[in-house]
Amino acid sequence: MTITDSHCHLDHEKFAADFDAVLERAADAGVNRILCIGTGDGPPELDRAIRLAERHERILATVGVHPHEAAKVTPETYAALRELGKHEKVVAFGEIGLDYHYDFSPREVQRAVFIEQLQIARELALPITLHIREAWDDTMAILTEHWSGPGIVHCFTGDAAQARQALGMGFHLAFGGVVTFKTGETVRDAARITPDDRLLLETDAPFLAPIPYRGKRCEPAMMVETLNKLAEVRGTTPEHVAGITNANFERLCLQPRIQTRYTGVSDGN
Ligand SMILES: [Zn+2]
Ligand SMILES: [Zn+2]
């Protein structure tokens, strides 16, 4: 069985001491493809995931500026993202979006940086991976106006109505450790109604470890717990969920970059 972790932060300092062992445990658990998010601590360092992907065959990368770091963006940041985004192992753009929970960057700056990055993602013909926290309506409004390409709502923690809204806009939903939490009933409802061809798995490691590891450092090998719970919730087998989530990831992120994926949006020229 091959499992794809569609979102994790292996560049995090918490993996510095035992990185190789973490990758080995992932492989032992069947997690053989890992999309590393390249946001790091924000600009000017934007290539952390690319550097990992260059060293490890099973690792793929994203580039982007997390909403937390939006206030660090300069014109040079956008130029760097446009260049780094062409790297052959970059298969998605993000994580980008809005985070009104922490408000580490002013909201109007978050929105402006988000909109600019949607433009860059479109130029690069990359799918986006979205971070949305306590900012659902604003995010959806911006996407409606500025995006019509493919993408992932990462760490989906909304309810069934929000799931339907995002699915209706063409997005994939990635479910992580939260589906195993006792308090995760709402998210499990959303996972239940997500069609087979829109479902993805993720860990968001080192964050959000699934039960029974909750509170510990999360790592990709732990995704087996999330996979098993998702299979149970959907009334199917872990093998089936692993198979469809792999296929979805391949269709979404591993296709050649063709501008025709992006229909209905002017190129701004
Ligand atoms: Zn996130
Ligand atoms: Zn993340």
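Scope of the values below: all heavy atoms of this structure, side chains included, with no hydrogens, waters or symmetry mates. Counting starts at 1 for both ligands and their atoms, in listed order. Residue numbers count from 1 along this sequence.
For Phe19 and His56, the ring centers are positioned less than 6.0 Å apart.
Within the coordination shell of the Zn ion (ligand 2), defined by N, O or S atoms under 2.8 Å, His7 is present. Between the Zn ion (ligand 2) and His9 there is an N/O/S contact shorter than 2.8 Å. Among the backbone and side-chain atoms of Cys155, none of the N, O or S atoms lies under 2.8 Å from the Zn ion (ligand 1).
Nearest N/O/S atom of His131 relative to the Zn ion (ligand 1): this is ND1. Glu95 contributes OE1 as its N, O or S atom closest to the Zn ion (ligand 1). As for Asp204, its N/O/S atom nearest the Zn ion (ligand 2) is the one called OD1.
Here Arg192 pairs with Glu185 in a salt bridge; the nearest charged N to carboxylate O distance falls below 4.0 Å. Taking the charged nitrogens against the carboxylate oxygens, Glu232 and Lys229 do have a contact shorter than 4.0 Å, which makes a salt bridge. Using a 4.0 Å cut-off between charged nitrogen and carboxylate oxygen, Arg48 and Asp41 count as a salt-bridge pair.
Of the N and O atoms on the side chains of His68 and Gln110, not one donor lies less than 3.5 Å from an acceptor on the other residue.
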